[in-house]
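Input: a single structure, listed below in C-alpha coordinates.
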Amino acid sequence: MNSNPFTYYKPESKEELVHLIDELGNLKKTYALYAGGTELVTMFRQGKGLVDAIIDLKGINELTQVVKSEKSVIIGAAVPLNQVIESVNNSAIQEALRAIADHTVRNKLTIGGNICGRLPYREAILPMLCRHAEVTVLEKGELVSYPIDKIFDKRLKLSPNAVLWTIKIGTQEMDFEKSQRYSATTEIDYPITHQYVAINEEKVMIALSGYSSFPISSSFDYEMLKASDDRLAFLMAPFVEHAKSDDRSSAEYRLALLKVCMEDVLEELSDKMRLNDREGQND
Amino acid sequence: MIKYQGLIEIDLMVNGNLERVSLYPHETLLNVLREKIGLTGSKKGCENGDCGACTVLLDGLPIKSCMVLAVEVGQKAITTIEGLDDTVIQNTFIEETGFQCGFCTAGFIVNSFALLSSNPEADEAEKRTWLKSNLCRCTGYEGIINAVNKAQEKIVQK
(Lines give C-alpha, C1' and ligand atoms only; values in the text may rest on other atoms or scores of the structure.)
Protein backbone atom coordinates (compact mmCIF):
# COMPACT_ATOMS: atom_id res chain seq x y z
CA MET A 1 0.00 0.00 0.00
CA ASN A 2 1.06 3.53 -0.71
CA SER A 3 2.43 4.95 2.54
CA ASN A 4 3.15 8.56 1.72
CA PRO A 5 1.19 10.64 4.27
CA PHE A 6 0.68 13.73 2.13
CA THR A 7 -1.94 16.44 2.38
CA TYR A 8 -4.40 16.47 -0.53
CA TYR A 9 -5.50 19.77 -2.04
CA LYS A 10 -8.00 20.33 -4.82
CA PRO A 11 -8.14 23.99 -5.87
CA GLU A 12 -11.11 25.07 -7.97
CA SER A 13 -9.68 28.07 -9.80
CA LYS A 14 -6.45 29.44 -11.17
CA GLU A 15 -6.34 31.97 -8.35
CA GLU A 16 -6.70 29.28 -5.69
CA LEU A 17 -3.94 27.26 -7.34
CA VAL A 18 -1.56 30.22 -7.50
CA HIS A 19 -2.24 31.07 -3.86
CA LEU A 20 -1.76 27.45 -2.79
CA ILE A 21 1.56 27.09 -4.62
CA ASP A 22 2.79 30.33 -3.02
CA GLU A 23 1.66 29.18 0.40
CA LEU A 24 3.34 25.77 0.11
CA GLY A 25 6.50 27.51 -1.10
CA ASN A 26 6.49 29.84 1.90
CA LEU A 27 6.08 26.86 4.21
CA LYS A 28 8.92 25.07 2.37
CA LYS A 29 6.58 22.16 1.63
CA THR A 30 7.26 19.90 -1.33
CA TYR A 31 4.35 19.13 -3.63
CA ALA A 32 3.43 17.24 -6.75
CA LEU A 33 0.85 18.29 -9.33
CA TYR A 34 -1.70 15.51 -9.64
CA ALA A 35 -3.92 14.99 -12.67
CA GLY A 36 -4.51 11.34 -13.62
CA GLY A 37 -2.16 10.11 -10.92
CA THR A 38 -1.31 6.88 -12.75
CA GLU A 39 2.42 7.48 -12.43
CA LEU A 40 2.41 9.20 -9.05
CA VAL A 41 0.33 6.63 -7.16
CA THR A 42 2.61 3.85 -8.39
CA MET A 43 5.71 5.82 -7.44
CA PHE A 44 4.37 6.59 -3.97
CA ARG A 45 3.63 2.90 -3.43
CA GLN A 46 7.27 2.19 -4.24
CA GLY A 47 8.37 4.87 -1.79
CA LYS A 48 9.64 7.14 -4.56
CA GLY A 49 8.99 10.84 -5.16
CA LEU A 50 7.48 11.37 -1.74
CA VAL A 51 6.06 14.86 -1.14
CA ASP A 52 4.35 16.83 1.61
CA ALA A 53 1.34 17.68 -0.54
CA ILE A 54 -0.35 16.78 -3.76
CA ILE A 55 -2.38 19.29 -5.73
CA ASP A 56 -5.22 17.69 -7.68
CA LEU A 57 -5.72 19.80 -10.81
CA LYS A 58 -9.05 18.27 -11.77
CA GLY A 59 -11.05 20.86 -9.83
CA ILE A 60 -10.12 23.57 -12.33
CA ASN A 61 -12.53 23.58 -15.27
CA GLU A 62 -10.13 24.87 -17.93
CA LEU A 63 -7.78 21.98 -17.24
CA THR A 64 -10.40 19.29 -17.76
CA GLN A 65 -11.99 20.60 -20.95
CA VAL A 66 -11.42 20.23 -24.68
CA VAL A 67 -12.41 23.24 -26.77
CA LYS A 68 -12.81 22.41 -30.45
CA SER A 69 -12.71 24.77 -33.40
CA GLU A 70 -12.62 24.13 -37.12
CA LYS A 71 -8.87 23.67 -37.45
CA SER A 72 -7.62 23.06 -33.93
CA VAL A 73 -8.39 21.85 -30.44
CA ILE A 74 -7.34 23.32 -27.13
CA ILE A 75 -6.81 20.52 -24.64
CA GLY A 76 -6.67 21.06 -20.89
CA ALA A 77 -3.61 19.48 -19.29
CA ALA A 78 -5.75 17.28 -17.04
CA VAL A 79 -7.84 15.76 -19.84
CA PRO A 80 -7.54 11.94 -19.99
CA LEU A 81 -6.05 10.52 -23.19
CA ASN A 82 -9.24 8.67 -24.18
CA GLN A 83 -11.14 11.95 -24.08
CA VAL A 84 -8.48 13.57 -26.25
CA ILE A 85 -8.70 10.68 -28.73
CA GLU A 86 -12.47 11.11 -28.95
CA SER A 87 -12.15 14.87 -29.41
CA VAL A 88 -9.37 15.08 -31.98
CA ASN A 89 -10.72 14.40 -35.42
CA ASN A 90 -7.45 13.24 -36.90
CA SER A 91 -6.61 9.58 -37.37
CA ALA A 92 -2.81 9.89 -37.11
CA ILE A 93 -2.97 11.78 -33.81
CA GLN A 94 -5.54 9.29 -32.54
CA GLU A 95 -3.33 6.37 -33.53
CA ALA A 96 -0.32 7.86 -31.76
CA LEU A 97 -2.27 8.40 -28.54
CA ARG A 98 -3.98 5.00 -28.67
CA ALA A 99 -0.54 3.41 -28.51
CA ILE A 100 0.03 4.79 -25.02
CA ALA A 101 -0.68 2.41 -22.11
CA ASP A 102 -3.98 0.50 -22.41
CA HIS A 103 -7.60 1.54 -22.89
CA THR A 104 -8.53 1.39 -19.20
CA VAL A 105 -5.43 3.32 -18.08
CA ARG A 106 -6.14 5.96 -20.73
CA ASN A 107 -9.40 6.75 -18.95
CA LYS A 108 -7.21 8.16 -16.17
CA LEU A 109 -3.84 8.98 -17.72
CA THR A 110 -3.89 12.62 -18.80
CA ILE A 111 -2.16 14.35 -21.66
CA GLY A 112 -0.33 16.70 -19.30
CA GLY A 113 0.75 13.82 -17.10
CA ASN A 114 2.13 11.92 -20.06
CA ILE A 115 4.10 14.89 -21.32
CA CYS A 116 5.34 16.12 -17.94
CA GLY A 117 5.77 12.77 -16.20
CA ARG A 118 9.04 11.28 -15.07
CA LEU A 119 8.97 8.37 -17.51
CA PRO A 120 11.19 9.27 -20.47
CA TYR A 121 8.82 8.22 -23.29
CA ARG A 122 6.27 11.04 -23.26
CA GLU A 123 4.73 9.70 -26.45
CA ALA A 124 1.88 12.22 -26.49
CA ILE A 125 4.47 14.85 -27.35
CA LEU A 126 5.15 13.32 -30.78
CA PRO A 127 2.16 14.73 -32.71
CA MET A 128 2.50 17.97 -30.73
CA LEU A 129 6.08 18.42 -31.92
CA CYS A 130 5.29 17.50 -35.53
CA ARG A 131 2.29 19.82 -35.62
CA HIS A 132 4.03 22.68 -33.83
CA ALA A 133 1.49 22.83 -31.04
CA GLU A 134 1.20 25.85 -28.80
CA VAL A 135 1.39 25.28 -25.06
CA THR A 136 0.02 27.64 -22.46
CA VAL A 137 1.71 27.63 -19.10
CA LEU A 138 0.73 29.20 -15.79
CA GLU A 139 3.83 30.93 -14.50
CA LYS A 140 4.03 33.59 -11.82
CA GLY A 141 0.26 33.83 -11.80
CA GLU A 142 -0.05 34.57 -15.52
CA LEU A 143 -0.93 32.41 -18.50
CA VAL A 144 1.85 32.54 -21.10
CA SER A 145 1.85 30.76 -24.48
CA TYR A 146 4.87 29.23 -26.21
CA PRO A 147 5.45 27.31 -29.43
CA ILE A 148 6.18 23.80 -28.21
CA ASP A 149 9.53 23.59 -29.94
CA LYS A 150 10.70 26.59 -27.90
CA ILE A 151 9.88 24.94 -24.59
CA PHE A 152 10.45 21.23 -25.24
CA ASP A 153 14.01 19.97 -25.21
CA LYS A 154 14.19 16.34 -24.04
CA ARG A 155 11.41 17.29 -21.62
CA LEU A 156 9.01 20.17 -21.17
CA LYS A 157 11.19 22.87 -19.62
CA LEU A 158 8.92 24.69 -17.21
CA SER A 159 10.18 27.29 -14.80
CA PRO A 160 9.95 26.43 -11.06
CA ASN A 161 6.33 26.32 -9.83
CA ALA A 162 4.97 26.67 -13.38
CA VAL A 163 1.97 24.55 -14.42
CA LEU A 164 1.21 23.22 -17.91
CA TRP A 165 -2.26 24.65 -18.60
CA THR A 166 -3.44 23.86 -22.12
CA ILE A 167 -2.15 22.53 -25.43
CA LYS A 168 -3.44 23.90 -28.72
CA ILE A 169 -2.91 21.60 -31.66
CA GLY A 170 -3.94 21.93 -35.30
CA THR A 171 -6.07 19.11 -36.64
CA GLN A 172 -6.14 19.98 -40.33
CA GLU A 173 -5.16 17.27 -42.81
CA MET A 174 -1.49 17.00 -43.68
CA ASP A 175 -0.35 15.62 -47.03
CA PHE A 176 1.22 12.70 -45.19
CA GLU A 177 0.99 11.79 -41.53
CA LYS A 178 1.73 8.50 -39.86
CA SER A 179 2.47 6.97 -36.48
CA GLN A 180 4.43 3.70 -36.29
CA ARG A 181 5.28 2.02 -33.02
CA TYR A 182 7.29 -1.05 -32.11
CA SER A 183 7.56 -2.70 -28.69
CA ALA A 184 9.66 -5.62 -27.50
CA THR A 185 6.98 -8.18 -26.66
CA THR A 186 3.34 -7.26 -26.18
CA GLU A 187 1.75 -4.21 -27.76
CA ILE A 188 1.09 -2.74 -24.33
CA ASP A 189 4.63 -1.99 -23.35
CA TYR A 190 6.99 0.94 -23.56
CA PRO A 191 8.17 1.51 -27.12
CA ILE A 192 11.47 0.38 -28.60
CA THR A 193 10.67 3.18 -30.96
CA HIS A 194 7.58 5.21 -31.74
CA GLN A 195 7.96 7.22 -34.91
CA TYR A 196 5.68 10.04 -35.97
CA VAL A 197 6.06 11.63 -39.38
CA ALA A 198 4.05 14.61 -40.69
CA ILE A 199 4.68 16.13 -44.10
CA ASN A 200 3.13 18.89 -46.13
CA GLU A 201 4.38 20.61 -49.27
CA GLU A 202 6.61 22.87 -47.21
CA LYS A 203 7.94 20.85 -44.29
CA VAL A 204 8.94 17.38 -43.22
CA MET A 205 8.60 16.80 -39.48
CA ILE A 206 9.74 13.67 -37.68
CA ALA A 207 9.58 12.90 -33.96
CA LEU A 208 10.71 9.77 -32.14
CA SER A 209 10.13 8.33 -28.67
CA GLY A 210 11.84 5.30 -27.14
CA TYR A 211 14.56 5.45 -29.76
CA SER A 212 16.90 7.51 -27.61
CA SER A 213 16.92 8.45 -23.95
CA PHE A 214 14.37 11.18 -24.57
CA PRO A 215 11.96 12.21 -27.35
CA ILE A 216 13.75 13.83 -30.27
CA SER A 217 12.50 15.56 -33.39
CA SER A 218 13.70 17.15 -36.58
CA SER A 219 12.10 19.43 -39.14
CA PHE A 220 13.31 20.51 -42.59
CA ASP A 221 12.06 21.81 -45.93
CA TYR A 222 10.27 19.33 -48.17
CA GLU A 223 12.18 20.64 -51.16
CA MET A 224 15.45 19.59 -49.50
CA LEU A 225 14.17 16.05 -49.28
CA LYS A 226 13.04 16.18 -52.89
CA ALA A 227 16.42 17.43 -54.05
CA SER A 228 18.44 14.90 -52.05
CA ASP A 229 20.29 12.18 -53.96
CA ASP A 230 20.03 9.76 -51.06
CA ARG A 231 16.68 10.46 -49.48
CA LEU A 232 16.76 7.59 -47.02
CA ALA A 233 20.09 8.74 -45.60
CA PHE A 234 18.76 12.30 -45.59
CA LEU A 235 15.68 11.34 -43.52
CA MET A 236 17.69 9.25 -41.07
CA ALA A 237 20.66 11.57 -40.65
CA PRO A 238 19.36 13.66 -37.71
CA PHE A 239 18.65 10.52 -35.68
CA VAL A 240 21.46 8.04 -36.41
CA GLU A 241 23.76 9.02 -33.57
CA HIS A 242 20.94 9.08 -30.98
CA ALA A 243 19.95 5.37 -31.12
CA LYS A 244 20.32 3.87 -27.65
CA SER A 245 20.96 0.33 -26.47
CA ASP A 246 19.09 -0.98 -23.45
CA ASP A 247 17.53 -4.20 -22.20
CA ARG A 248 14.66 -3.85 -24.68
CA SER A 249 16.70 -3.46 -27.84
CA SER A 250 20.13 -2.78 -29.26
CA ALA A 251 20.90 0.50 -30.99
CA GLU A 252 21.41 -1.45 -34.22
CA TYR A 253 17.87 -2.85 -34.03
CA ARG A 254 16.43 0.58 -33.36
CA LEU A 255 18.29 1.91 -36.37
CA ALA A 256 16.95 -0.94 -38.48
CA LEU A 257 13.37 -0.14 -37.39
CA LEU A 258 13.92 3.52 -38.21
CA LYS A 259 15.20 2.53 -41.64
CA VAL A 260 12.15 0.35 -42.31
CA CYS A 261 9.86 3.19 -41.25
CA MET A 262 11.63 5.74 -43.42
CA GLU A 263 11.61 3.39 -46.42
CA ASP A 264 7.85 3.06 -45.96
CA VAL A 265 7.54 6.84 -45.79
CA LEU A 266 9.50 7.31 -49.01
CA GLU A 267 7.45 4.66 -50.78
CA GLU A 268 4.18 6.24 -49.75
CA LEU A 269 5.43 9.71 -50.59
CA SER A 270 6.37 8.67 -54.10
CA ASP A 271 2.70 7.84 -54.69
CA LYS A 272 1.04 10.53 -52.65
CA MET A 273 3.19 13.58 -53.11
CA ARG A 274 4.91 12.88 -56.42
CA LEU A 275 8.22 12.81 -54.60
CA ASN A 276 10.00 11.52 -57.65
CA ASP A 277 8.84 14.34 -59.89
CA ARG A 278 11.86 16.43 -60.73
CA GLU A 279 11.99 19.60 -62.70
CA GLY A 280 11.23 18.84 -66.34
CA GLN A 281 10.93 15.13 -65.61
CA ASN A 282 8.22 12.85 -64.29
CA ASP A 283 9.47 9.42 -63.32
CA MET B 1 -10.80 24.38 -2.16
CA ILE B 2 -10.86 20.86 -0.81
CA LYS B 3 -8.14 19.99 1.69
CA TYR B 4 -7.70 16.56 3.28
CA GLN B 5 -5.04 15.91 5.89
CA GLY B 6 -4.54 13.00 8.25
CA LEU B 7 -7.39 10.62 9.07
CA ILE B 8 -10.59 11.91 7.51
CA GLU B 9 -14.12 10.73 6.85
CA ILE B 10 -15.60 10.89 3.38
CA ASP B 11 -18.68 9.51 1.65
CA LEU B 12 -18.30 7.19 -1.31
CA MET B 13 -21.19 6.08 -3.52
CA VAL B 14 -20.48 2.40 -4.15
CA ASN B 15 -22.91 0.21 -6.06
CA GLY B 16 -25.69 2.66 -5.31
CA ASN B 17 -25.01 2.71 -1.55
CA LEU B 18 -23.58 5.67 0.33
CA GLU B 19 -20.61 4.44 2.37
CA ARG B 20 -18.99 6.64 5.02
CA VAL B 21 -15.35 5.64 5.41
CA SER B 22 -12.38 6.75 7.49
CA LEU B 23 -9.22 6.94 5.46
CA TYR B 24 -5.95 8.76 4.83
CA PRO B 25 -5.51 10.82 1.64
CA HIS B 26 -2.81 8.48 0.36
CA GLU B 27 -5.02 5.38 0.36
CA THR B 28 -5.93 3.90 -2.97
CA LEU B 29 -9.51 3.23 -3.97
CA LEU B 30 -8.66 -0.46 -4.25
CA ASN B 31 -7.46 -0.56 -0.66
CA VAL B 32 -10.49 1.30 0.63
CA LEU B 33 -12.93 -0.93 -1.25
CA ARG B 34 -11.32 -4.09 0.04
CA GLU B 35 -10.15 -3.16 3.54
CA LYS B 36 -12.64 -0.47 4.64
CA ILE B 37 -15.84 -1.39 2.84
CA GLY B 38 -15.30 -5.14 2.62
CA LEU B 39 -15.83 -5.45 -1.12
CA THR B 40 -13.10 -7.93 -1.94
CA GLY B 41 -14.23 -8.77 -5.47
CA SER B 42 -11.77 -6.26 -6.92
CA LYS B 43 -8.44 -8.04 -6.72
CA LYS B 44 -5.02 -6.74 -5.74
CA GLY B 45 -2.79 -8.03 -8.51
CA CYS B 46 0.17 -6.04 -9.77
CA GLU B 47 -0.72 -2.70 -8.08
CA ASN B 48 1.01 -1.17 -11.05
CA GLY B 49 -1.83 -0.67 -13.52
CA ASP B 50 -0.80 -3.62 -15.67
CA CYS B 51 -3.07 -6.56 -14.86
CA GLY B 52 -6.54 -5.01 -14.62
CA ALA B 53 -7.68 -7.33 -11.78
CA CYS B 54 -8.71 -4.28 -9.75
CA THR B 55 -10.87 -2.71 -12.49
CA VAL B 56 -13.98 -0.85 -11.28
CA LEU B 57 -16.26 1.68 -12.95
CA LEU B 58 -16.23 5.40 -12.17
CA ASP B 59 -19.36 6.98 -13.59
CA GLY B 60 -19.48 4.04 -16.00
CA LEU B 61 -15.86 4.28 -17.19
CA PRO B 62 -13.46 1.46 -16.34
CA ILE B 63 -10.43 2.46 -14.30
CA LYS B 64 -7.77 0.54 -12.41
CA SER B 65 -8.53 1.19 -8.76
CA CYS B 66 -4.94 0.52 -7.66
CA MET B 67 -3.94 3.76 -9.42
CA VAL B 68 -6.65 5.99 -7.99
CA LEU B 69 -6.78 7.75 -4.65
CA ALA B 70 -10.06 7.23 -2.82
CA VAL B 71 -10.23 10.93 -1.93
CA GLU B 72 -10.48 11.95 -5.59
CA VAL B 73 -13.63 9.97 -6.37
CA GLY B 74 -15.99 11.27 -3.71
CA GLN B 75 -18.34 12.82 -6.26
CA LYS B 76 -18.50 9.82 -8.56
CA ALA B 77 -20.58 6.65 -8.79
CA ILE B 78 -18.36 3.64 -8.16
CA THR B 79 -19.40 0.22 -9.47
CA THR B 80 -17.52 -2.89 -8.44
CA ILE B 81 -18.01 -6.50 -9.49
CA GLU B 82 -20.40 -6.89 -6.55
CA GLY B 83 -22.64 -4.34 -8.26
CA LEU B 84 -22.87 -6.43 -11.41
CA ASP B 85 -24.62 -9.41 -9.85
CA ASP B 86 -26.85 -11.34 -12.24
CA THR B 87 -25.95 -9.23 -15.25
CA VAL B 88 -25.86 -10.71 -18.73
CA ILE B 89 -22.06 -10.57 -18.83
CA GLN B 90 -21.68 -12.29 -15.46
CA ASN B 91 -23.98 -15.10 -16.58
CA THR B 92 -22.21 -15.64 -19.89
CA PHE B 93 -18.86 -15.88 -18.11
CA ILE B 94 -20.39 -18.76 -16.12
CA GLU B 95 -22.03 -20.37 -19.17
CA GLU B 96 -18.85 -20.19 -21.26
CA THR B 97 -16.51 -20.98 -18.36
CA GLY B 98 -14.72 -17.71 -18.97
CA PHE B 99 -12.31 -18.28 -16.09
CA GLN B 100 -9.75 -20.71 -14.78
CA CYS B 101 -8.30 -19.70 -11.40
CA GLY B 102 -10.73 -16.77 -11.29
CA PHE B 103 -8.34 -14.10 -10.03
CA CYS B 104 -8.65 -11.93 -13.14
CA THR B 105 -12.35 -12.62 -13.69
CA ALA B 106 -13.80 -9.65 -11.81
CA GLY B 107 -11.67 -7.22 -13.80
CA PHE B 108 -12.60 -8.82 -17.10
CA ILE B 109 -16.32 -8.80 -16.28
CA VAL B 110 -16.30 -5.16 -15.14
CA ASN B 111 -14.38 -4.03 -18.22
CA SER B 112 -16.55 -6.10 -20.57
CA PHE B 113 -19.69 -4.72 -18.94
CA ALA B 114 -18.44 -1.17 -19.58
CA LEU B 115 -17.54 -2.03 -23.17
CA LEU B 116 -20.93 -3.49 -24.00
CA SER B 117 -22.73 -0.65 -22.21
CA SER B 118 -20.69 1.90 -24.13
CA ASN B 119 -21.01 0.21 -27.50
CA PRO B 120 -23.17 -2.93 -27.72
CA GLU B 121 -22.20 -3.27 -31.37
CA ALA B 122 -18.45 -3.11 -30.77
CA ASP B 123 -16.49 -4.84 -33.52
CA GLU B 124 -13.61 -7.25 -32.98
CA ALA B 125 -11.00 -4.48 -33.08
CA GLU B 126 -12.76 -2.44 -30.42
CA LYS B 127 -13.32 -5.46 -28.19
CA ARG B 128 -9.65 -6.34 -28.53
CA THR B 129 -8.60 -2.77 -27.69
CA TRP B 130 -10.67 -2.75 -24.51
CA LEU B 131 -9.84 -6.26 -23.34
CA LYS B 132 -6.10 -5.80 -23.82
CA SER B 133 -6.30 -3.81 -20.57
CA ASN B 134 -6.71 -7.06 -18.62
CA LEU B 135 -4.35 -10.00 -18.22
CA CYS B 136 -5.21 -13.65 -17.52
CA ARG B 137 -2.14 -15.46 -16.26
CA CYS B 138 -3.87 -18.81 -16.80
CA THR B 139 -4.16 -17.72 -20.47
CA GLY B 140 -7.83 -18.67 -20.50
CA TYR B 141 -8.63 -16.09 -23.12
CA GLU B 142 -10.76 -18.28 -25.39
CA GLY B 143 -13.47 -18.73 -22.75
CA ILE B 144 -13.33 -15.03 -21.93
CA ILE B 145 -13.76 -14.03 -25.57
CA ASN B 146 -16.61 -16.52 -25.99
CA ALA B 147 -18.33 -15.08 -22.91
CA VAL B 148 -18.05 -11.51 -24.18
CA ASN B 149 -19.28 -12.48 -27.66
CA LYS B 150 -22.23 -14.38 -26.20
CA ALA B 151 -23.16 -11.47 -23.93
CA GLN B 152 -22.95 -9.14 -26.89
CA GLU B 153 -25.31 -11.35 -28.92
CA LYS B 154 -27.82 -11.41 -26.07
CA ILE B 155 -27.63 -7.66 -25.51
CA VAL B 156 -27.98 -6.85 -29.20
CA GLN B 157 -30.96 -9.24 -29.53
CA LYS B 158 -32.71 -7.44 -26.68
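Source: prediction; values computed, not measured.
- For A:Leu20, the part lying under 4.5 angstrom from a heavy atom of chain B is the side chain only.
- Between the A:Gln94 side chain and the A:Ile85 main chain, a donor and an acceptor come within less than 3.5 Å of each other.
- Between A:Phe44 and A:Phe6, the ring center distance clears the sub-6.0 Å criterion.
- Contact annotation for B:Tyr24: neither backbone nor side-chain heavy atoms come within less than 4.5 Å of a heavy atom of chain A.
- In terms of modelled atom types and a separation under 3.5 Å, the side chain of B:Asn15 and the main chain of B:Thr80 share a donor-acceptor contact.
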Under the salt bridge (charged side-chain N to carboxylate O under 4.0 Å, His left out) rule, what do A:Arg254 and A:Asp246 come out as? Steps first, then yes or no, please. CA-CA 10 Å; A:Arg254 284 189 164 93; A:Asp246 59 15; 3.2 Å; yes

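- Per-residue heavy-atom pair counts under 4.5 Å with chain B were compared for A:Arg98, A:Gln46, A:Glu16, A:Glu39, and the maximum is reached by A:Glu16.
- Counting heavy-atom pairs under 4.5 Å between each of B:Ile63, B:Asp50, B:Thr55 and chain A puts B:Ile63 at the top.
- Ranked by heavy-atom pairs shorter than 4.5 Å toward chain B, the options A:Pro11, A:Gly37, A:Ser13 are led by A:Pro11.
- For the options B:Val68, B:Leu58, B:Ile8, B:Leu131, heavy-atom pairs under 4.5 Å to chain A are most numerous at B:Val68.
- Counting heavy-atom pairs closer than 4.5 Å to chain A, the top residue among B:Leu30, B:Val71, B:Asn111, B:Asn134 is B:Val71.
- Only the side chain of A:Arg106 comes within contact range of chain B, judged by heavy atoms closer than 4.5 Å.
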Run the side chain to side chain contact (heavy atoms under 4.5 Å, CB included) check on A:Ile100 and A:Leu109 step by step: do they pass? CA-CA 9 Å; A:Ile100 300 168; A:Leu109 173 58; 3.7 Å; yes

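- Using modelled atom types, no side-chain atom of A:Lys29 and backbone atom of A:Asn26 make a donor-acceptor pair closer than 3.5 Å.
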